[in-house]
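We use all heavy atoms of the structure for the numbers below, so side chains are in, but hydrogens, waters and symmetry mates are not.
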Amino acid sequence: MPESPEQITQATPIRDIDRLLRGTDPIIVHASDSLARLAELAIERPSCRVLSVVDEREHLIGLVPVRLLVNDIFLKIVPEEFLGVISDVDDVMEYARHIRARTAGDIMLPSVSVGPDETVRDAFETMHKARLNGLPILDPEGTVVGYLDQLEMLLVWVRATGRDPMLRPDA
């Protein structure tokens with residue numbers, strides 16, 4: 001019995017889908033890079049929604065989602081907007097941490113990634129669990145070699161399964 005389009009796409013290795021998407025290069029930064037530098041890089045490549053933080057050996061050590069970067073910068077510019085949502089000691093501590101943040105290392109999240117041999121299904125699951133819109137692709141040594149965006153990957157899957165009419169108003 002032939003495989004369904006869903007089974008084929010879910011089993012497709014990241015290396016194959018990365019070739020199809022080839023258009024979004026990863027944004028690679030270091031923990032000591034300023035938030036201003038991160039913002040500049042994010043503006044230069046708006047299709048990359050997660051910045052990869054690497055160490056001196058260029059191995060992934062953390063991630064900075066663009067939404068987190070925007071929140072941190074916004075917090076510094078108009079802190080009064082955030083003061084109204086502080087309701088307990090934990091919120092106060094989180095606010096204090098963010099107000100002091102100046103570098104990628106100050107705001108980065110733990111590293112999450114996919115490898116070229118993992119599948120599209122693995123990538124969707126990893127993004128969902130980590131609540132990220134994109135992921136770096138790592139080689140076996142832990143070096144960032146690509147970026148996989150959730151929306152682009154979803155559109156490739158929708159087209160491959162023939163379900164793109166479901167996204168149109170006349171469907």
Side-chain angles (χ1 to χ4, degrees), residues 3-29 31 35 38-39 41-55 58-75 82 85 87 90-91 94 97-98 101 104-169 171:
E3 292 182 288
S4 71
E6 289 88 352
Q7 290 168 324
I8 293 168
T9 1
Q10 289 178 357
T12 301
I14 296 303
R15 82 166 36 82
D16 293 345
I17 200 155
D18 188 39
R19 275 189 229 126
L20 292 171
L21 296 177
R22 267 298 173 228
T24 305
D25 291 325
I27 298 176
I28 299 174
V29 299
L35 297 183
L38 272 63
L41 292 169
I43 289 169
E44 288 173 13
R45 282 191 242 147
S47 58
C48 188
R49 298 173 212 182
V50 177
L51 288 69
S52 300
V53 184
V54 299
D55 63 15
E58 299 300 311
H59 292 163
L60 185 68
I61 59 170
L63 301 175
V64 177
V66 171
R67 66 173 163 68
L68 181 61
L69 176 62
V70 169
N71 285 346
D72 253 64
I73 292 171
F74 188 64
L75 175 66
F82 288 85
V85 298
S87 60
D90 291 335
D91 288 344
E94 186 69 11
R97 186 178 78 78
H98 283 283
D106 293 337
I107 66 169
M108 72 181 184
L109 302 177
S111 61
V112 179
S113 62
V114 290
D117 294 326
E118 291 182 68
T119 66
V120 170
R121 180 181 182 85
D122 297 332
F124 272 124
E125 188 174 317
T126 301
M127 284 183 205
H128 180 73
K129 284 181 180 174
R131 297 181 179 183
L132 294 169
N133 293 326
L135 289 174
I137 303 169
L138 301 187
D139 67 12
E141 289 76 42
T143 304
V144 179
V145 294
Y147 172 80
L148 191 59
D149 184 79
Q150 186 179 43
L151 184 58
E152 290 175 351
M153 191 173 61
L154 178 62
L155 288 176
V156 167
W157 183 83
V158 166
R159 288 180 188 136
T161 60
R163 295 193 175 169
D164 50 322
M166 293 173 65
L167 302 178
R168 297 197 176 97

Using only atom types and a distance under 3.5 Å, with no angle test, would you say the side chain of Arg49 pairs donor to acceptor with the backbone of Asp149? no

List in chain and number order the residues that pass salt bridge (charged side-chain N to carboxylate O under 4.0 Å, His left out) with Asp139, two or more places apart in sequence or in another chain; answer none if no residue qualifies. none

Side chain to side chain contact (heavy atoms under 4.5 Å, CB included) between Leu138 and Val144, intermediate numbers included: CA-CA 5 Å; Leu138 301 187; Val144 179; 3.7 Å; yes

For a side chain to side chain contact (heavy atoms under 4.5 Å, CB included) check, start with the C-alpha distance between Glu58 and Ile28, then their side-chain angles and the critical distance, and finish with the verdict. CA-CA 9 Å; Glu58 299 300 311; Ile28 299 174; 4.1 Å; yes

Are any non-hydrogen side-chain atoms of Met127 and Leu148 less than 4.5 angstrom apart? yes

Begin with the C-alpha distance, continue with both residues' side-chain angles, and end with the deciding distance and a verdict on side chain to side chain contact (heavy atoms under 4.5 Å, CB included) for Leu35 and Leu69. CA-CA 7 Å; Leu35 297 183; Leu69 176 62; 4.0 Å; yes

Kindly give the heavy-atom pair with the smallest separation between Leu38 and Ala104, and that separation in Å. CD2-CB, 3.7 Å

Intermediate values then yes/no, side chain to side chain contact (heavy atoms under 4.5 Å, CB included), Val29 and Val64: CA-CA 9 Å; Val29 299; Val64 177; 5.5 Å; no

Are the side chains of His59 and Val54 in contact, using a 4.5 Å heavy-atom criterion? no

Ile107 side, atom CD1; Leu68 side, atom CG - distance, nearest 0.5 Å: 4.5 Å

Of the non-hydrogen atoms in Pro116 and Pro13, which two are nearest, and what is the gap between them? O-CB, 3.7 Å

Find out whether Val53 and Leu63 are in side-chain contact, i.e. whether some heavy atom of one side chain is under 4.5 Å from a heavy atom of the other. no

When rounded to the nearest 0.5 angstrom, what is the spacing between CD in Glu125 and OG1 in Thr119? 8.5 Å

Hey, what do you get for OH (Tyr147) to OG (Ser47), rounding to the nearest 0.5 Å? 7.5 Å

Any side-chain heavy atom of Asn133 sitting closer than 4.5 Å to one from Pro65? no

Grab the two heavy atoms, one from Ile137 and one from Gly115, that are nearest each other, plus how far apart they are. CG2-C, 4.3 Å

Could you tell me the separation between the CD1 atom of Ile27 and the SG atom of Cys48, rounded to the nearest 0.5 Å? 4.0 Å

Approximate separation, where rounding is to 0.5 Å, of Asp25 CG and Arg45 CZ: 6.0 Å

